[in-house]
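Proteins come first, then strands; the chains are lettered A, B, ... in the order of their sequence lines, and each starts at number 1. Quick caveat, the model's predicted, so the values are computed rather than measured.
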Amino acid sequence: MFALVDGNNFYASCERVFDPALRGKPLVVLSNNDGCAIARSAEAKALGVGMAQPIHEVPKDVRRQLVVRSANFTLYGDLSARVLAILRDAAPRVEPYSIDESFLDLVGIHDRLAFARDLRERVHRWTGIPNCVGIGPTKVLAKAANKIAKRGGGVVDLTDTATRDAVLANYPTGDLWGVGSRTAAKLAARGIRSAAELRDAPPADVLIAFGVTIARVQRELQGHPCIALEEIEPDRKQIIVSRSFGQRVDDHEAIAQALATFAVRACEKLRRRGLVAGGVGIFANSDVFRPELRQHHPSRTVNLPRPSSDSRVMLATGKNQQVDQRRQRR
DNA sequence: TCTGGGGTCCTAGGACCC
DNA sequence: TCTGGGGTCCTAGGACCC
């Protein structure tokens, strides 16, 4: 049995913890370069601000009403750790899934609803972060329960099969964990629109048409756990540092500068995790929002002679690749 | 006219998640 | 004018090996 604890509008809620004057106001947290909305308070959502919506696309009259903050990831990480500490104290097995979500193993807990309500309240009281809890016999069902809890009530348990049947009959496949918009459209083309319809479709057909990932979602909907709780975070397989340039860049020197900065930062991340990299990749993309211009996305990956987290090695490797490319162009 | 049967590694693209 | 920044897994196809 699983629970999913998820902070509401997490970044926006964090900002409110440190500035209570923001409570009740339509608050938006912006990405790097202050480009897109990456978190919205309930009030900002009500005004129609979308997730990842470019802020310049928000109508002026709406923008005037918003309170806007640039993202402060150090702050969010700090509050995330505080929430996690409370969860670990309450349950023996916890999987931190993202900065604002954790799965809990509820095995051995008799009164799940009471436990969840108490935990939710404690997280809110001790950290200031409002949150919701979803409960289910599989992770996919716990996720769905959480989504429903967000609509009101704060805690939803989908363990009971009658409750579950009623909920899944009206739950769109596209809202399921692991089913995105493309797959939802493909499912709809076959007449599968609700989670209940996916659950009850012939499994062999689902496997052939949609692959093992969706077949697993189907099994989980049926109540058979396929996705295990992972208490220990696996080592990263790649670490990426990338940024959009605010404006057009056609200066090679500026790009080389950015590459050097990113390489240093990537190495810091490696060292913080006690890892070394076996290879280095560099990529760049032209402006995808100007499709009328010629597009290109050069990339190059090389293996290092010896795995490393030394910025000097990365910088030298990056330089060699640039030289290589120039040679190739000649 | 016949044209093996495995296996691994790498890359690119697609789809998804927060 | 301004359009996020991370991650993961799966699949297919090609190169290569014995």
So what does Ile240(A) touch, heavy atoms closer than 4.0 Å: a base, only the sugar-phosphate, or nothing? sugar-phosphate

Is any NZ, NE, NH1 or NH2 atom of the basic residue among Lys150(A) and Asp6(A) found under 4.0 Å from an Asp or Glu carboxylate oxygen of the other? yes

If you look at every strand shown and take non-hydrogen atoms under 4.0 Å, does Gln53(A) touch a base, only sugar-phosphate, or nothing? nothing

Thinking salt bridges, do Glu292(A) and Arg290(A) make one under a 4.0 Å N-O criterion? yes

Report which part of the nucleic acid Ile99(A) touches: base, sugar-phosphate, or nothing (heavy-atom distance under 4.0 Å, all strands). nothing

Side chain of His56(A) only, heavy atoms from C-beta on: which candidate in dC2(C), dC16(B), dC17(B) is closest? dC2(C)

Against the side chain of Asp100(A), the closest entry in dC18(B), dG4(C), dA15(B) is dC18(B)

dG13(C) pairs with, by Watson-Crick or G-U criteria that keep both distances under 3.5 Å: dC10(B)

Which part of the nucleic acid does Phe210(A) contact within heavy-atom distance under 4.0 Å: base, sugar-phosphate only, or nothing? nothing

Can Leu30(A) be reached from Leu75(A) by stepping across I, L, V, M, F, W or Y side chains whose heavy atoms are under 4.5 Å apart? no

Which of dG4(C), dG6(C), dC9(C) is nearest the side chain of Arg243(A)? It is dG6(C)

With a 4.0 Å cut-off on N to O distance, would you call Arg273(A) and Glu233(A) a salt bridge? yes

Please work out if Asp34(A) contacts a base, only the sugar-phosphate, or nothing of the nucleic acid, heavy-atom cut-off 4.0 Å. nothing

Where each residue is assigned the nucleotide of DNA chain C containing its nearest heavy atom, which of Arg290(A) and Asp235(A) is assigned the position nearer the 5′ end? Arg290(A)

Contact class for Val288(A) (heavy atom, under 4.0 Å): base, sugar-phosphate, or nothing? nothing

Please work out if Tyr97(A) contacts a base, only the sugar-phosphate, or nothing of the nucleic acid, heavy-atom cut-off 4.0 Å. sugar-phosphate

Classify the nucleic acid contact of Lys186(A) as base, sugar-phosphate or nothing, counting any heavy atom under 4.0 Å across all strands shown. nothing

What does dC18(C) pair with, Watson-Crick or G-U, if both distances are under 3.5 Å? dG5(B)

Which of dC18(B), dT3(C), dT8(C) is nearest the side chain of Glu57(A)? It is dT3(C)

Hey, does Arg216(A) reach any base, or is it just sugar-phosphate, or nothing, if we go heavy atoms under 4.0 Å? sugar-phosphate

With a 4.0 Å cut-off on heavy atoms, is Leu176(A) in touch with a base, just the backbone sugar-phosphate, or nothing at all? sugar-phosphate

Do Arg125(A) and Glu121(A) sit within salt-bridge range, that is, some charged N less than 4.0 Å from a carboxylate O? yes

Lys269(A) side-chain proximity, nearest of dG6(C), dA15(B), dG4(C): dG6(C)

